[in-house]
Structures are given as structure tokens and as C-alpha cells.
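As the structure is a prediction and not an experimental result, all values here were calculated from the model.
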Amino acid sequence: MGETLLVIDEGTTSTRAMLFAADGRCLGSRSELLSQHYPAPGLVEHDAAEIWTATLACTRAMVERAGGAERIAAIGITNQRETVVFWDRATGAPLAPAIVWQDRRSADLCRTLKEAGEEPGVQARTGLLLDPYFSGTKIAWAMANWPQLRAAGDRLAIGTVESWLVWKLTGGLHVTDATNASRTLLMGLGSGAWSDGLVDLFGAPRAALPEIVDCAGRFGETTMFGGRIPICGMAGDQQAATIGQSCLAPGDTKATYGTGAFVLTNAGPRQPASRNRLLSTVLWQMDGRRTYAIEGSVFVAGSLIKWLRDSLGLIGEAAETEALARSVPDSGGVTFIPALSGLGAPWWEPAARGEIAGLSLASTRAHIVRAALESMAHQSHDLKTAFAADGCDWSRLRIDGGMVANDWMAQDLADMLNVTVERPRFAETTALGAAMLAGVGCGMFAGLAEATAMRGAIETFEPAIDDATRRARLTGWERAIQRALPSVPPAA
């Protein structure tokens, strides 16, 4: 068996491959940007062929870096969740654009199903809410609106991104891991199997769906790189990051601030149920046994900084935001509600729109940028309040993602949440979690507890502001939310 682990980390804005040693050292990385397509307001698409081409190039580079396929013990895959791909089993070619997790085209369908009283039953079976975010609503829209999918008949294959990549790598294996399946609105959270009632509700062609498998094991192999490499680990990006942060005990919590922001708390082996519009989801599945998580999802995080840079021109690069935030003592009364793709938990308002409030002639770009960064801690506080109401309050938060390289933001999270914040020195915890799963799947590690040796050193941030300052900021945020969404009650 080879001595290294190769991870494919297919994200929203880029895809990459990374090579890991068994002790967690990153031995190499190659990434390529992915094109974002916005055919109309609220619509977000990817080209699945581009995803595959970029993934193939990155993976090939890391196989060469390793010294050949024989040096690689296993491949782990982690992916942007909820994004759904449609392809032809006969040709292996995409039949339509991939509908990205941020896409809101199925909002009307979700509204209709809610008005019909379907949401409580859907939540009870899946742990999810009726929202365009989830794959099932995207599949329903696609089957109703893209005739080429219906015309494909039994040649149609549907899957989330890891399914697409495994199909291409293996030449036809159609599987999905339990974490990704749990985000589709089609899987029963307790059974771990596709639900006939849910499949029918969303009009998903059952024969086109993949087989649901564990997160660690042997899921076929690829022979595309000069030898046989087994595929042994799979998980959606947020679950992989939670594993990479070693959140293996109930109550352990991580928050990833990437394109979006996602908080997961390990809920243990019993299926949880949220009363505060959080999500219940599979954290991992091993040997058919599931460990669950409670999750809060924020749709816009790092994409807000990208928008400030690319659409408004307020910054030249993301790294400027820390210096700008430090250049002013506060936001000058400016509050930023980053609802550029609706609002996620705990509001779940797909029609919400962004708002910058409190502007005056004294406002500068530094105030606006600082307010944008502050919105990350404000939204996180809304989530913490909801988690606490569900009996899962955070005593410590482990953070990762591109945004938290910003020390000011990491400290702001500690200040506003009033908890210790941990940040690993090696920030690529999503890829690390996929490596840990692959290591378990191929027998390199006896289990996830042994694989946590890969995590490495951490830095900590402690709360450093007084209660009055914290309360004043949160009060301003609450008022801004209610001005922007007057029909929405405050968070629980």
C-alpha cells in the first residue's frame, strides 16, 4: 500500500487536489478556478464538464508529485454540497448545467409546498426545511423545465458533485455518501435510504439516483493515472471540515467561513430534531451506523468579500479587509445585512435582499468593509442563540475557511460570541477531513480517533470586549434585521 493520501476538494469557486502524509503534513497542492454562471438573478450554475476537466488536471499533478499511482494509498473526495449534476450514462457527458447550492430557482416550488403543509413532514423525515438550497428542489425544477432530462429516460444519471467525480474516475460507478445524500431532501435521516414518498414528492426519477454508501470504505478504484488507486473516503465539505477539526464528541462545534458559513455541532448517534429552524444532518456514516449533527447555514460569507472586490470595487484584494477594519474604531453606525442569496438559518428567507443601513456623510469604505466583516459575527451569534435554544450551546468554537486567516475577524468572533475560538495552524480542514476518512477507509488508521493525529497545532482567541459593547452591537444588528425583514420575528 502507498504511504500518501490524495484528496480531491471540489469547491464552489475552485477545485483542487492535495497530497497528505499520514502525519497530516501537506506534501503538495494544485488548484484551478471554476467559472461561475449567473444566467438570471438568483440563478447560479456550473459547467460539470469544466469541473471534471479541472479536477482531472489537478489530480494528475498530485499523482506526479507523489511519484506515481503506486505511492498513493487512497483517494478521498470532498465537495460543495447540494449542487446537482445531470449526465448521460451512455456518453458520460453532462445533459444540462449543474445547479449550484446557492441557486434560488426553486423558491416558488418551495413556497407552494409550504402552503400545502408539506414542510413539517419533510422536516421530520429529512431533518431539513423546504428551501431552494437543497438538491431535491433543484431536481424537481430541472425535471419539470429541462425536456432533455426526461428524454434521456434510463440513460439519465443524477448526483451531487462527489457522485459525478466518482462516476468519471471509475468509468461508471454511481454512488453517493450518506452525508451528501442527507442534503438532498430525498433520504430518510433515520433509515439512511432513499424515501419513496420524498422521491415522489419531488418528482425525482428513482432509477437515476446513486446508491448510498458509507463515508469510509472501498468505493471502487481509478486506473486513470498509471496504476490502481482505491477511492476510500467521501463526505460533503462541511462534514469533512468537522471531521478535520476533530469534532468527534457530542457538543464539539466547528464553523467554516468560506463562500458561505456553516456551523455544525456533533449530536452523537441519536437522530436530533431542531425546534429552532436549524438542520439535522448526517455527520458521518461508518459500517452503516450514522453519527448526526445539528447545522446552521449562512449563504453569504466569503462571497460577500468577493462581491465587495469584484462588483463594487471597494477593495483590491481580500487581504485588505483586515487593515481597513482596524483603521476605524467601529463601523460608524453602519450595519451590513449580506442577504445577496437570501438569508439562511435561522431565518430561511429566500426572497431576502442585502442591505447597507446607517450610512452618513461620515461613512467611508473602511466603515462599510468593517460592517461587512462584523456581519459574520452577528450572523454567527444568531445561530448560537438558535443552537442554545435547541440545547446545543457552544462552549468553544473551532473555526476554519479562507475568511478566518483574518486575525481581526477571528477575534471579533470570540468577542461577539463570548467563547474561546480555536483556529488550526493548517487551515485546510475540509481536505484534511477527507484525508482522514480515506485513511480510515484504506486501513491506514483504525478509526477517526486515531486519524485526529493529522490535525496539528491550533491558535486560540479569547473574548476581549465588555458586555455593554457587545450588547450595543447586537442590538443594532437586531434592529437592522427587523427593518430589512419586518415580517420576520427575531431569532429564537
Side-chain angles (χ1 to χ4, degrees), residues 81-82 101 110 113-137 177-199 201-202 212 215 235-236 238-239 242-243 247-255 261-286 288-299 343-350 379-395 397 488-492:
R81 306 172 305 171
E82 296 91 20
W101 61 270
C110 293
L113 291 173
K114 287 179 183 179
E115 291 170 352
E118 294 285 359
E119 186 166 72
V122 168
Q123 184 177 16
R125 284 180 283 179
T126 68
L128 309 177
L129 299 168
L130 283 171
D131 190 86
Y133 176 34
F134 302 110
S135 310
T137 71
D177 75 275
T179 67
N180 278 289
S182 75
R183 311 297 295 186
T184 61
L185 285 171
L186 303 177
M187 190 194 89
L189 194 60
S191 69
W194 300 126
S195 162
D196 290 336
L198 293 167
V199 168
L201 180 66
F202 293 102
I212 301 172
C215 296
Q238 302 312 316
Q239 284 90 338
T242 308
I243 294 166
C247 293
L248 304 188
D252 289 349
T253 303
K254 77 88 199 177
F262 303 89
V263 180
L264 277 77
T265 294
N266 185 322
R270 296 185 62 184
Q271 180 182 335
S274 174
R275 298 177 302 279
N276 294 277
R277 298 186 68 75
L278 299 173
L279 307 176
S280 302
T281 196
V282 174
L283 182 52
W284 66 75
Q285 179 175 300
M286 305 277 195
R289 296 189 295 272
R290 286 170 293 287
T291 294
Y292 295 97
I294 292 284
E295 176 173 341
S297 308
V298 171
F299 297 150
L343 283 173
W347 311 103
W348 295 106
E349 283 290 325
Q379 291 180 106
S380 299
H381 188 272
D382 287 346
L383 289 178
K384 185 177 187 295
T385 302
F387 272 77
D390 272 341
C392 295
D393 199 5
W394 315 336
S395 60
L397 184 65
V488 178

*Asks:* To the nearest 0.5 Å, how far apart are OG in S297 and CG in L278?
*Replies:*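 One finds 9.0 Å between OG of S297 and CG of L278.
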
*Asks:* Output the distance between atom CD1 (I243) and atom CH2 (W284), rounded to the nearest 0.5 Å.
*Replies:*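 The CH2 atom of W284 is 6.0 Å from CD1 of I243, to the nearest 0.5 Å.
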
*Asks:* So which heavy atom on A293 is nearest to which on L283, and how close?
*Replies:*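 Answer, listing the atom of A293 first, then L283: CB-CB, 4.0 Å.
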
*Asks:* State, yes or no, whether a side-chain contact exists between L189 and R290 at a heavy-atom distance under 4.5 Å.
*Replies:*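 They are not in contact (no side-chain heavy atoms under 4.5 Å apart), so the answer is no.
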
*Asks:* Would the distance check show the side chain of T179 and the main-chain N or O of A235 forming a donor-acceptor pair, the cut-off being under 3.5 Å?
*Replies:*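 Side chain of T179 to backbone of A235, a donor-acceptor pair under 3.5 Å: no, none is there.
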
*Asks:* How long is the straight-line distance from CG of L201 back to CZ of R125, given to the nearest 0.5 Å?
*Replies:*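 R125 atom CZ to L201 atom CG measures 7.0 Å (nearest 0.5 Å).
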
*Asks:* Identify the two heavy atoms, one from T184 and one from W194, that lie closest to each other, and give their separation to 0.1 Å.
*Replies:*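 Here T184 and W194 meet closest at OG1-CZ3, 3.5 Å.
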
*Asks:* Measure the spacing between OG1 of T291 and CD of Q271 and express it to the nearest 0.5 Å.
*Replies:*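 If I round to the nearest 0.5 Å, the distance is 13.0 Å.
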
*Asks:* Are the side chains of L383 and P346 in contact, using a 4.5 Å heavy-atom criterion?
*Replies:*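 Yes, side chains in contact.
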
*Asks:* Kindly indicate whether the side chain of V122, heavy atoms from C-beta on, has any atom under 4.5 Å from the side chain of L198.
*Replies:*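 The answer is yes, as the side chains (C-beta and beyond) meet within the 4.5 Å cut-off.
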
*Asks:* State which residues pass ring pair (Phe, Tyr, Trp, His ring centres under 6.0 Å) with F262; sequence neighbours excluded, sorted by chain then number.
*Replies:*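 If we apply the ring pair (Phe, Tyr, Trp, His ring centres under 6.0 Å) test to F262, skipping adjacent residues, the hits are W101.
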
*Asks:* Checking side-chain polar atoms at under 3.5 Å, does Q239 have a donor or acceptor matched by the opposite partner on R81?
*Replies:*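 R81 and Q239 do have a side-chain donor-acceptor pair below 3.5 Å.
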
*Asks:* I'd like to know if the side chain of D252 and the backbone of N266 have a donor-acceptor N/O pair within less than 3.5 Å.
*Replies:*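 Pair absent, no side-chain N/O of D252 close to backbone of N266.
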
*Asks:* Of all the heavy-atom pairs spanning P272 and S280, show the shortest one and how long it is.
*Replies:*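 For P272 versus S280, the nearest heavy atoms are O-OG, 2.9 Å.
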
*Asks:* Which heavy atom of S274 sits nearest a heavy atom of Q123, and at what distance?
*Replies:*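 Distance-wise, the nearest heavy atoms are O-NE2, 3.6 Å.
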
*Asks:* Looking only at non-hydrogen atoms, find the nearest pair between F387 and G296 and report the distance.
*Replies:*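 Nearest heavy atoms, F387 then G296: CZ-N, 3.6 Å.
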
*Asks:* To the closest 0.5 Å, what do you measure between OG1 (T126) and CG (L279)?
*Replies:*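 Here the rounded value is 8.5 Å.
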
*Asks:* If I take atom CE from residue M187 and atom OG1 from residue T281, how far apart are they, to the nearest 0.5 angstrom?
*Replies:*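 Between atom CE of M187 and atom OG1 of T281 there are 7.5 Å.
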
*Asks:* Among E295, R183, K254, which residue meets the side chain to side chain donor-acceptor pair (under 3.5 Å) test with Q238?
*Replies:*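 Only one of E295, R183, K254 forms a side chain to side chain donor-acceptor pair (under 3.5 Å) with Q238, namely K254.
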
*Asks:* Does anything in residues 384-393 pair up under salt bridge (Lys or Arg N to Asp or Glu O under 4.0 Å), and if so which pairs, sequence neighbours excluded?
*Replies:*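 Residue pairs passing salt bridge (Lys or Arg N to Asp or Glu O under 4.0 Å), neighbours aside: K384-D393.
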
*Asks:* F299: which residues meet the ring pair (Phe, Tyr, Trp, His ring centres under 6.0 Å) condition with it, sequence neighbours left out?
*Replies:*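 Scan of F299 (ring pair (Phe, Tyr, Trp, His ring centres under 6.0 Å), adjacent residues dropped) gives Y133, W348.
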
*Asks:* At their closest point, which heavy atom of T137 faces which heavy atom of C110, and how far apart are they?
*Replies:*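 Taking T137 first and C110 second, the nearest heavy atoms are CG2-SG, 3.6 Å.
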
